[in-house]
Protein chains: 2
Amino acid sequence: MSDSPEKLSVWCAGEEWCPITTTASLIGKKWHPVIIHRLLDNGPSGFNELKENVDGISSKVLSDSLEDLQEKGLVDREVINEQPFRVNYSLTEHGESLESVITEMAAWGQTYLQEPTEADEPTE
Amino acid sequence: MSDSPEKLSVWCAGEEWCPITTTASLIGKKWHPVIIHRLLDNGPSGFNELKENVDGISSKVLSDSLEDLQEKGLVDREVINEQPFRVNYSLTEHGESLESVITEMAAWGQTYLQEPTEADEPTE
DNA sequence: CGGCATCCACATGGATACTG
DNA sequence: CAGTATCCATGTGGATGCCG
């Protein structure tokens with residue numbers, strides 16, 4: 001885990017390649033940061049275990065997100081049992097390397113955000 | 001700028017409020033991190049100046065994103081001249097406080113990502 | 001210059017049901 | 001348990017044109 005993995009080649013939206021745009025394309029999806037956060041926190045997890053921890057996600061969206069994260073090389077999927085069928089989702093080296101980013105996001109949220117009260121509820 | 005602003009009340013997707021989910025909802029849009037990054041880097045900017053710096057964005061999307069960021073209390077808009085018409089977009093205190101997150105994202109991208117070559121181009 | 005209006009394509013997300 | 005299938009609503013992004 002300590003030896004840095006080779007760099008990921010990732011495309012980027014704009015004309016010229018930009019680290020932050022590209023990073024945003026990796027984790028700038030609604031559920032990706034949370035999924036990675038849960039995997040960092042709880043370690044390798046099964047599908048439904050992850051679904052419980054990522055509060056409010058549907059199986060389809062979790063399935064789609066995990067597939068996306070696998071394609072991006074951040075998450076690993078391993079079948080650990082056939083009967084009963086069990087899989088294990090874990091972070092790759094790249095996925096784990098995101099800890100600093102995820103931690104920073106969580107810390108920022110802790111510091112600068114608060115849970116809204118009923119009074120804040122948008123009446124719109 | 002040094003006194004920490006009051007916390008933002010932001011809704012979150014899941015059942016229970018979660019800092020990282022909520023943070024992700026603030027900056028987990030395709031262009032938001034880049035826009036904030038550019039404002040951090042170049043300071044307050046006009047609309048087209050920002051459009052140039054955020055490489056590849058259309059005016060509609062930039063307009064939408066800026067509106068979203070204003071609603072979320074991260075960006076300020078100020079009309080600084082009527083004739084010729086000029087506005088200035090800048091970061092609020094909350095927006096500036098995101099520097100650590102944005103920096104971490106950019107640093108991660110620098111370390112773990114590389115610009116893909118033609119060979120990596122998806123033929124799909 | 002700094003947008004908004006319009007239109008449209010596609011992506012994303014959610015609910016529900018069903019399968020091996 | 002670990003998904004897939006389906007359907008549908010909404011979101012997001014891009015192109016173009018126009019306006020004060």
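Note that these values count all heavy atoms, side chains included, but never hydrogens, waters or copies made by symmetry. Letters A, B, ... are given to chains in the order of the sequence lines, protein chains preceding strands, and every chain is numbered from 1.
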* Nucleotide dG13(D), atom C1' - distance to CD1 of I57(B) in whole Å -> 9 Å

* Asked: K51(B) has an atom NZ; how far is it from atom P of dG14(D), in whole Å?
  -> 11 Å

* Asked: Got L69(B) and I35(B) here, is their nearest side-chain heavy-atom distance under 4.5 Å?
  -> yes

* Taking only residues two or more places apart in sequence, or in another chain, which ones meet D76(A) in a side-chain contact (heavy atoms from CB on, under 4.5 Å)? -> S90(A), T92(A)

* To do: Taking side-chain contact (heavy atoms from CB on, under 4.5 Å) as the test, write out the residues that go with E82(B), two or more places apart.
  => V79(B), F85(B)

* Can you sort out the partners of S100(A) under side-chain contact (heavy atoms from CB on, under 4.5 Å), two or more places apart, ordered by chain and number? => E104(B)

* To do: Go through the structure and list residues passing ring pair (Phe, Tyr, Trp, His ring centres under 6.0 Å) with W31(B), not counting sequence neighbours.
  => none

* Non-neighbouring partners of E67(B) that pass side-chain contact (heavy atoms from CB on, under 4.5 Å), sequence neighbours left out -> E71(B)

* So, do K72(A) and H32(A) sit near enough that their side-chain heavy atoms are less than 4.5 Å apart? -> yes

* Asked: When the distance from CD of E52(B) to P of dG3(C) is rounded to whole Å, what number comes out?
  -> 14 Å

* Which whole-number value in Å describes the distance from F85(A) CZ to dC1(D) C1'? -> 8 Å

* Atom CD of Q83(A) to atom C1' of dC1(D): distance rounded to whole Å? -> 10 Å

* Structure fact -> Partner of L50(B) under side chain to side chain contact (heavy atoms under 4.5 Å, CB included), picked from L66(B), N42(B), V34(B), is L66(B)

* To do: Mind calculating the distance between CG (L69(B)) and C1' (dT12(D)) to the nearest angstrom?
  => 14 Å

Cut-off 3.5 Å, no hydrogens considered: what does the side-chain donor-acceptor table look like for residues 56-65 of chain A, sequence neighbours left out?
residue	atom	partner	partner atom	Å
S58(A)	OG	V61(A)	N	3.3
S65(A)	OG	V61(A)	O	2.7

* Do W108(A) and L26(B) have side chains that get closer than 4.5 Å, going by heavy atoms? -> yes

For nucleotides 4-9 of chain D, which of its nitrogen or oxygen atoms have a protein nitrogen or oxygen under 3.5 Å away, and what is each distance?
residue	atom	partner	partner atom	Å
dT4(D)	OP2	S63(A)	OG	2.5

* Asked: Looking at DNA chain C, which of residues 28-44 of chain A put a heavy atom within less than 4.0 Å of it?
  -> K29(A), K30(A), W31(A)

* To do: Name all pairs fulfilling the salt bridge (Lys or Arg N to Asp or Glu O under 4.0 Å) condition that reach into residues 29-47 of chain B, sequence neighbours left out, sorted by first residue then second.
  => K29(B)-D68(B)

* Asked: In chain order, what residues pass the side-chain hydrogen bond (donor to acceptor under 3.5 Å, both in side chains) check against R77(A), with sequence neighbours excluded?
  -> Y89(A)

* dT12(D) P sits how many Å from D68(B) CG, rounded? -> 8 Å

* Asked: Taking C-beta and beyond as the side chain, do Y112(A) and T23(B) meet within less than 4.5 Å on heavy atoms?
  -> no

* **Within residues 73-81 of chain B, residues whose heavy atoms come under 4.0 Å of DNA chain C** => R77(B)

* Pairwise side-chain contact, S25(A) with W11(A), heavy-atom cut-off 4.5 Å (strictly under) -> no

* **Terminal helix-axis angle for the helix from dC1(C)-dG20(D) to dG20(C)-dC1(D), with five pairs defining each axis and rounding to 10 degrees** => 50°

* Calculate the interatomic distance between L62(B) atom CG and dG3(C) atom C1'; express it in whole Å. => 10 Å

* To do: May I ask you to verify if any side-chain N or O of Y89(A) is less than 4.0 angstrom from the OP1 or OP2 atom of dC1(D)?
  => no

